[in-house]
Amino acid sequence: MKKIMILFICMFAYPATDLYAAVNDAFDFDNFAIVDSPDADVTTTASSINDGAGIAGVGGFDIAGVMLGMPFEDVQTLFFKTKGLYSPRKNNSIIYTIQKDWKYNLDYECRQQNIFAPADLENCINSLARNRGLLYASELHLVRENTGETVDIFFTSNATDNLVWRVVYNNDVNELEGDAEKFEHQREKKILSFWQSVLDKYGAPNSGTDKWMSSNNSYDPMMTAYYGALDLTDMGRRASDEAKNIQQARENFQSKPYAF
């Protein structure tokens with residue numbers, strides 16, 4: 001909030017068009033992908049812990065070294081500055097986003113500056129968003145070239161410190177080269193080997209046959225296993241981030257100074 005207030009003061013100190021030009025000249029938006037934030041999908045299906053099972057420490061689980069709640073900077077350092085099994089994918093390994101409610105705010109502000117051409121409007125929105133700390137790394141995509149494994153990591157906005165809220169791992173154990181018996185046999189062996197590795201690392205599921213839960217609350221950290229995939233998620237962190245952005249965007253909408 002303090003950063004946003006300081007930036008508002010700076011905007012009043014300089015003409016809006018000058019601010020837009022200065023920020024845009026200092027930053028090349030073509031160097032990375034910027035996408036709209038999706039509608040918040042924070043619904044969860046009801047789940048419960050198996051009878052007699054204990055709580056799983058899902059908050060301490062990792063996938064390829066990435067844990068829920070890790071800051072973006074730490075994850076970036078882990079995979080961009082050190083040589084490991086995974087590396088950033090070749091194109092758009094980092095995806096940047098402006099939360100939708102903030103983007104609507106900035107769209108209104110830019111239009112008040114008589115910026116209407118689609119390309120200019122998009123540049124104005126992106127420039128102001130970056131200048132105010134509203135443009136954030138929302139996704140980081142990794143690949144292990146020799147096996148085809150992928151890890152997709154999702155982050156909350158800067159409003160909640162740009163932390164990991166979801167990690168999705170995928171491999172090819174469920175893929176078949178053909179329908180012959182030998183291929184089905186190979187597939188079953190691949191799945192069995194993958195599942196055994198999952199059990200060795202995380203222990204037996206404590207919810208159903210495929211979920212690890214921190215509690216009976218579906219908004220607490222949870223991991224789900226699929227054929228060839230793992231989904232480590234903290235829906236509570238995601239929901240809190242969305243709610244905070246909506247509230248702050250509403251409070252900071254730059255309406256005209258009406259007087260009556």
Side-chain angles (χ1 to χ4, degrees), residues 1-43 69-73 75-76 92 94-141 152-166 219 234-258:
M1 289 296 295
K2 290 183 178 178
K3 289 182 179 179
I4 294 174
M5 291 181 67
I6 292 171
L7 287 164
F8 285 165
I9 293 172
C10 290
M11 287 185 65
F12 287 124
Y14 298 95
T17 52
D18 291 345
L19 172 64
Y20 161 56
V23 175
N24 199 46
D25 289 344
F27 191 74
D28 184 1
F29 292 109
D30 294 331
N31 286 338
F32 53 74
I34 302 176
V35 301
D36 290 345
S37 65
D39 291 328
D41 181 11
V42 294
T43 57
M70 284 181 66
F72 169 76
E73 291 82 0
V75 179
Q76 185 181 30
N92 296 328
I94 300 176
I95 305 295
Y96 287 82
T97 294
I98 306 167
Q99 197 273 343
K100 183 176 291 185
D101 288 76
W102 281 112
K103 186 165 187 176
Y104 291 161
N105 283 17
L106 299 181
D107 178 276
Y108 179 82
E109 287 187 46
C110 290
R111 289 177 184 276
Q112 298 309 300
Q113 300 173 28
N114 295 319
I115 299 173
F116 302 108
D120 291 341
L121 184 61
E122 191 70 16
N123 276 337
C124 176
I125 291 170
N126 291 340
S127 296
L128 293 178
R130 179 177 181 272
N131 194 49
R132 298 179 188 179
L134 300 174
L135 184 67
Y136 68 97
S138 60
E139 303 175 25
L140 194 156
H141 299 275
D152 303 303
I153 308 164
F154 301 86
F155 301 86
T156 63
S157 71
N158 293 335
T160 52
D161 301 323
N162 205 195
L163 306 178
V164 175
W165 73 271
R166 188 181 187 191
Y219 283 88
D234 186 346
M235 293 304 295
R237 189 185 300 274
R238 164 69 169 154
S240 296
D241 179 65
E242 189 71 15
K244 190 168 185 178
N245 273 290
I246 291 172
Q247 177 186 358
Q248 291 185 349
R250 183 182 298 121
E251 293 172 352
N252 289 278
F253 181 72
Q254 295 298 294
S255 178
K256 292 179 180 179
Y258 298 120

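Excluded from the calculations below are hydrogen atoms, water molecules and symmetry mates; all remaining heavy atoms, backbone and side chain alike, are included.
- Counting only heavy atoms from C-beta outward, the side chains of N252 and W102 approach each other to under 4.5 Å.
- Under the rule for a side-chain contact (heavy atoms from CB on, under 4.5 Å), the partners of D234 that lie at least two apart in sequence or sit in another chain are L68, P221, R237.
- By the side-chain contact (heavy atoms from CB on, under 4.5 Å) test, D241 is found to be paired with T156, S157, A159, T160, N245, residues two or more places apart in sequence or in another chain being considered.
- Note on R132 versus E109: salt bridge recorded, some NZ/NE/NH1/NH2 to OD/OE distance being below 4.0 Å.
- Residues N158 and L134 form no side-chain contact, since every pair of their non-hydrogen atoms from C-beta on lies 4.5 Å or further apart.
- With rounding to the nearest 0.5 angstrom, the CD atom of E122 is 10.5 Å from the CG atom of L106.
- For F72, the ring-ring contact (aromatic ring centres under 6.0 Å, His included) partners two or more places apart in sequence, or in a different chain, are F155.
- The line from NZ of K244 to CD of Q247 is 8.5 Å long, rounded to the nearest 0.5 Å.
- Listed by chain and number, the residues in a side chain to side chain donor-acceptor pair (under 3.5 Å) with Q76 amount to none (sequence neighbours excluded).
- Applying the side chain to side chain donor-acceptor pair (under 3.5 Å) test to N162 and every residue at least two apart in sequence or in another chain returns nothing.
- Under the salt bridge (Lys or Arg N to Asp or Glu O under 4.0 Å) criterion, no residue pair touches residues 154-165, with sequence neighbours excluded.
- With rounding to the nearest 0.5 angstrom, the CD1 atom of I95 is 7.0 Å from the OG atom of S138.
- When all heavy atoms of Y219 and A239 are compared, the closest pair comes out as CE2-CB, 4.4 Å.
- Checked against side-chain contact (heavy atoms from CB on, under 4.5 Å), Q112 has the following partners two or more places apart in sequence or in another chain: Y108, K256.
- Atom CD1 of I98 is separated from atom OH of Y136 by 9.5 Å, given to the nearest 0.5 angstrom.
- F253 CZ: more than 12 foreign heavy atoms inside a 6.0 Å radius.
- For D152, the side chain to side chain donor-acceptor pair (under 3.5 Å) partners two or more places apart in sequence, or in a different chain, are H141.
- Between the OG atom of S240 and the CH2 atom of W165 there is a distance of 12.0 Å, given to the nearest 0.5 Å.
- Proximity of a side-chain donor or acceptor of Q99 to a complementary backbone N or O of T97 within less than 3.5 Å is not detected.
- One distance of note links CG of N123 with CG of L128; it measures 10.5 Å at 0.5 Å rounding.
- Annotation: side chain of I125 is in contact with side chain of K103 (closest heavy-atom distance under 4.5 Å).
- N105 contributes a side-chain N or O that, together with a main-chain N or O of A249, makes up a donor-acceptor pair within less than 3.5 Å.
- Across all non-hydrogen atoms, the minimal contact from L163 to P71 is CD2-CA, 3.7 Å.
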